[in-house]
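Lettering of chains follows the sequences in order, A, B, ..., and the numbering in each one begins at 1. Everything numeric here is computed off the predicted structure, so don't read it as measured data.
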Number of protein chains: 2
Amino acid sequence: MQEMITIFQDYLQQNGLRLTSQRELIARTFFQNRGHISTEEIYRQVRKIAPGIGFATTYRTMKLLAESGLASLRRFGEGFSRYEPAGTAEHHDHLICTKCGKIIEFENDRIEALQKSVARRHGFHVTDHKLEVYGLCRKCRQ
Amino acid sequence: MQEMITIFQDYLQQNGLRLTSQRELIARTFFQNRGHISTEEIYRQVRKIAPGIGFATTYRTMKLLAESGLASLRRFGEGFSRYEPAGTAEHHDHLICTKCGKIIEFENDRIEALQKSVARRHGFHVTDHKLEVYGLCRKCRQ
DNA sequence: AATTAATATGAGAATCATTGTCAAGAAAAA
DNA sequence: TTTTTCTTGACAATGATTCTCATATTAATT
Ligand SMILES: [Zn+2]
Ligand SMILES: [Zn+2]
Ligand SMILES: [Zn+2]
Ligand SMILES: [Zn+2]
């Protein structure tokens, strides 16, 4: 966690940017949350501690976190963005409950391998992918 | 193609709606295009024939086409929606070139099966999914 | 320290795809 | 024909995100 801030600071410095109190607070808030948090939610939490902070700053900082490689942007088709920690975590995909919003992460090497093989067959060089499986979680099935 | 219009008309009638000239033109324009077309593009094409048409009507009609099951909404993270024919076509996923925008469709039963098995393992009942593989197509790799 | 240069912030305007509102029009029903 | 229902187009509204800009902060230079 402390190291995260350090990594962030390094990234900022290398780009001639500064680690301000606002940026640090936003970054810390992000790190101490579980993944898949919306910018809006970060903004709300941050305001409890520093009520004067603006949402523009929140948006800007989340973008910086993503650029630094510490956060990954996710769009689950809800009409807004979410971020999740991306420091050392490996790639994963998502299982999303359409009723309660529960998100489960999974990774499956065989699926990944099959994707690459399909892509190769079409002459594509894969750089990224997005797999979202929607459905009802155990609870929501009743 | 004619049958598509008929199916659309049936859907409308069953819901107490009418097949107006605007709706018919928008539907025909949609059907005679290849898939993955944006609402904006439909709107442009339609206006060449009926310049007075409004974009609200275009949006509304595309929505109706989707509800009728004749069109499928796709969001490729470009910030806007696309539609593709969904009449009899089977499910498929997408391979997207991040440089030229080329889109290739594919289907792979093994991937689908693996998705279901992962979901089952987590107690999920799958209703839908979205798999987008991004990369560079043969041309764009140089 | 004083001055100058660069970067950051918050408030609010702007953007952009999409949807809502509503008065006027067209079609169907009575 | 009158009444009811559904459509339309113009334009306002929405909501997430970005931009603008005047005002702070901080860093660099003298
Ligand atoms: Zn659920
Ligand atoms: Zn995740
Ligand atoms: Zn390409
Ligand atoms: Zn497709």
Partners of A:H94 by ring-ring contact (aromatic ring centres under 6.0 Å, His included), sequence neighbours excluded? A:H36, A:F76, A:H92

Can you check the [X] [atom1] to [N] [atom2] distance for me, whole Å?
| X | N | atom1 | atom2 | result |
| --- | --- | --- | --- | --- |
| A:E41 | D:dA16 | CD | P | 13 Å |
| A:E78 | D:dG15 | CD | C1' | 14 Å |
| A:I42 | D:dT17 | CD1 | C1' | 16 Å |
| A:R74 | D:dT17 | CZ | P | 16 Å |
| A:L73 | D:dA16 | CG | P | 15 Å |
| A:Y43 | D:dT17 | OH | P | 14 Å |
| B:R82 | C:dT18 | CZ | C1' | 16 Å |

Decide whether [X] and [Y] meet the rule of one side-chain donor and one side-chain acceptor closer than 3.5 Å.
| X | Y | answer |
| --- | --- | --- |
| A:E132 | A:Y134 | yes |
| B:N33 | B:Q45 | yes |
| A:T61 | A:R23 | no |

Using a cut-off of less than 4.0 Å, is there contact between a side-chain N or O of A:K63 and OP1 or OP2 of D:dT18? yes

Does anything in residues 24-33 of chain B come within less than 4.0 Å of DNA chain C? Heavy atoms only, and list the residues if so. none

Just verifying a value: how many Å separate B:R74 CZ and B:I103 CD1, rounded to the nearest 0.5 Å? 10.0 Å

What distance do B:S72 atom OG and B:H91 atom NE2 have between them, rounded to the nearest 0.5 Å? 10.0 Å

Could you run down nucleotides 6-11 of chain D 5' to 3' and tag each one B, S or - for protein heavy-atom contact under 4.0 Å? BSBB--

If you link ILVMFWY side chains whenever their heavy atoms are less than 4.5 Å apart, which other residues fall into the same cluster as A:L114? By chain and number, please. A:L95, A:I104, A:F106, A:I111, A:V118, A:F124, A:V126, A:L131, A:V133, B:L95, B:I104, B:F106, B:I111, B:L114, B:V118, B:F124, B:V126, B:L131, B:V133

Under 4.0 Å between a side-chain nitrogen and a carboxylate oxygen: does that hold for A:E112 and A:K116? no

Heavy atoms only, 4.0 Å cut-off, all strands: where does A:Y59 land among base, sugar-phosphate and nothing? base

Give the table of side-chain donor-acceptor pairs shorter than 3.5 Å for residues 3-19 of chain A, with sequence neighbours excluded, one pair per line with atom names and distance.
unit_1: A:T6; atom_1: OG1; unit_2: A:Q2; atom_2: O; d: 3.0
unit_1: A:Y11; atom_1: OH; unit_2: A:E67; atom_2: OE1; d: 3.2

Using nucleotides 28-30 of chain D, report all nitrogen or oxygen pairs with the protein that are shorter than 3.5 Å.
none

Any B:T98 side-chain heavy atom under 4.5 Å of B:L136 side chain: yes

Looking at B:G35 and B:E84, what are the two nearest heavy atoms and their distance? CA-CB, 4.0 Å

